[in-house]
Amino acid sequence: MTTTIHVNELESLLIAIIVLFLGYFINTKVKILRKYNIPEPIVGGLVIAFIITFFHFQGFDINFKLGMQDTLMQMFFATVGLAASYKLLMKGGSRVFLFLGVATVFIIIQDAVGVGMSKALGLDPLLGLIVGSITLSGGHGTGAAWSQTFATDYGLNTLELSMAAATFGLIMGGIIGGPIAQRLINKHQLKSDFGESGNHHIEHPDLITYSDREEDRITSKNTIEVLFILLVCVAGASHFKDFIDGLGISALRIPEFVYALFIGVFITNVCEGTKCYKINKETVDALGTISLSLFLAMALMSLHLWELMDLAMPMLIILAVQTVVLGLFTYFVTFRVMGSNYDAAIIAGGHCGFGMGATPTAVMNMGSLVSRNGPSPQAFMVVPIVGAFFIDITNLLVLQGYISFLGH
């Protein structure tokens, strides 16, 4: 008999902060984690997740109440939008579509690996799509949605497999991104255009770094003003999604945080164009870093690691191969196509995040890298826009193509 321990919202938030402190502490003591930029939420979150897994097998399940988790994620993506001024968009907008092309090619390869290995191992090739782009590039939400389709149309019960595969991808995407990008940076002796150290906000007032080591000169007034703008983005995203769904085009499955991002883009460019109000970018930076850190801590500490044990050995083999394929692709293809420079290395680390996990994991990887090596505003514009929005559209098209090719 299993006893469920319910943790209320305040206590869950406190534990999320403890997860971050734990990650910071472990990273200061374990040199290899610092060397390869393994993000603190991954480190602390996995420790807590293993503890919770231990209690699970002792007959105790711990249920966190994480009502703030989605809000924190939307707040972070709103800060990404607020950072995307038209000057930055004009400078690097074409790279968004270049990276979309790279990511789309990888999705085709990812599904080819999944389907090919499933056939070789004597499994239904449709299961290869589950341990392909459905859960790895798509994440938990896409996995749940497609599991319902597979159950209805093809009689395959894949929900548990989808959740386990997405969990595996989330962890591995956060683990491999930092080492791969840091290897590229060290090998090619790459440097940020803004320098590795120093107070970037003094030299570049409009720069948003997402570095937890940056000294931010913020006031209570600035904080309240930017918090108000972020909450406008979050509240507006909910209403805008309801409006779009009401038009009957909800089949696009655009997540709510994408609307928050684009509302942020709209607000920052209206303010910049009309000069009616100057948004304090240091405050945006600080609140964005806090929101992302707490969101990821909540996501990692609530992982059900025991679900990974339900994966059959053939599926674990396929997922292990997918991890290697992504690492090689980002190292040799993403980096080179995106310019073989510092920004390209950070983008490669981000690609590891959402190629195996989710867009927040990608940003977490990049945040750890820039904290050590210096800012990369271009990477923080390109990767979230592709990973949060465009890739879902191309993923849908690729999946439909594979299903048709397989004769279903």
Side-chain angles (χ1 to χ4, degrees), residues 7 9-56 62 64-66 68-73 75-76 79 139-140 166-182 209-216 285-306 308 323 346 349-350 352-354 356-374 380 383:
V7 183
E9 195 154 349
L10 177 60
E11 292 166 346
S12 298
L13 178 60
L14 286 172
I15 293 173
I17 296 173
I18 291 172
V19 165
L20 292 177
F21 289 158
L22 183 61
Y24 294 142
F25 175 77
I26 294 174
N27 275 15
T28 60
K29 300 299 180 182
V30 183
K31 184 178 179 180
I32 193 170
L33 297 178
R34 297 196 308 276
K35 180 179 179 181
Y36 291 109
N37 297 297
I38 306 300
E40 287 85 359
I42 286 281
V43 176
L46 285 179
V47 170
I48 298 298
F50 276 116
I51 293 173
I52 291 171
T53 300
F54 171 78
F55 281 114
H56 170 77
I62 300 176
F64 296 109
K65 190 172 183 180
L66 301 172
M68 284 293 294
Q69 186 174 356
D70 287 343
T71 300
L72 288 166
M73 179 174 65
M75 286 175 63
F76 165 72
T79 67
H140 288 82
T167 300
F168 179 94
L170 188 71
I171 295 169
M172 294 309 300
I175 290 176
I176 68 172
I180 286 174
Q182 193 63 51
T209 64
Y210 293 111
S211 169
D212 56 10
R213 301 178 188 177
E214 194 75 50
E215 293 183 11
D216 296 307
D285 200 344
L287 290 178
T289 303
I290 292 169
S291 299
L292 177 65
S293 298
L294 287 175
F295 163 74
L296 288 167
M298 290 179 177
L300 268 295
M301 76 188 203
S302 58
L303 287 179
H304 295 164
L305 293 182
W306 55 88
L308 296 179
T323 304
I346 303 300
C352 288
F354 82 78
M356 282 294 289
T359 306
T361 311
V363 178
M364 175 183 63
N365 287 348
M366 296 191 300
S368 295
L369 289 161
V370 300
S371 290
R372 175 177 176 179
N373 300 288
F380 277 90
V383 173

Flag the pair [X] / [Y] as yes when at least one side-chain heavy-atom distance between them is below 4.5 Å, and no otherwise.
{"X": "P39", "Y": "L296", "answer": "no"}
{"X": "I52", "Y": "F64", "answer": "yes"}
{"X": "Y24", "Y": "V43", "answer": "no"}
{"X": "I48", "Y": "L300", "answer": "no"}
{"X": "F295", "Y": "P360", "answer": "yes"}
{"X": "H56", "Y": "H304", "answer": "no"}
{"X": "S302", "Y": "I62", "answer": "no"}
{"X": "M356", "Y": "F168", "answer": "yes"}

Please give me the minimum heavy-atom distance between [X] and [Y], naming the atom from each residue.
{"X": "G350", "Y": "A362", "result": "O-CB, 2.9 Å"}
{"X": "I42", "Y": "L170", "result": "CD1-O, 4.4 Å"}
{"X": "G45", "Y": "V19", "result": "N-CG1, 3.4 Å"}
{"X": "A297", "Y": "A16", "result": "CB-O, 3.5 Å"}
{"X": "I175", "Y": "I38", "result": "O-CD1, 3.4 Å"}
{"X": "A49", "Y": "L305", "result": "CB-CD1, 3.7 Å"}

Would you give the length of the straight line joining atom [atom1] of [X] to atom [atom2] of [Y], rounded to the nearest 0.5 angstrom?
{"X": "F21", "Y": "E40", "atom1": "CZ", "atom2": "CD", "value": "12.0 Å"}
{"X": "L72", "Y": "S291", "atom1": "CG", "atom2": "OG", "value": "5.5 Å"}
{"X": "M301", "Y": "I51", "atom1": "CE", "atom2": "CD1", "value": "12.0 Å"}
{"X": "L292", "Y": "L287", "atom1": "CG", "atom2": "CG", "value": "12.5 Å"}
{"X": "T71", "Y": "L294", "atom1": "OG1", "atom2": "CG", "value": "12.0 Å"}
{"X": "T359", "Y": "M73", "atom1": "OG1", "atom2": "CE", "value": "9.0 Å"}

> Which residues satisfy the side-chain contact (heavy atoms from CB on, under 4.5 Å) test with V30, sequence neighbours excluded?
Replying inline: I26, I32, L33
Check whether any side-chain N or O of [X] sits under 3.5 Å from a backbone N or O of [Y] as a donor-acceptor pair, and report yes or no.
{"X": "T28", "Y": "F25", "answer": "yes"}
{"X": "N365", "Y": "G173", "answer": "yes"}
{"X": "S293", "Y": "I290", "answer": "no"}
{"X": "S12", "Y": "K65", "answer": "yes"}
{"X": "R372", "Y": "Q182", "answer": "no"}
{"X": "T361", "Y": "G357", "answer": "no"}

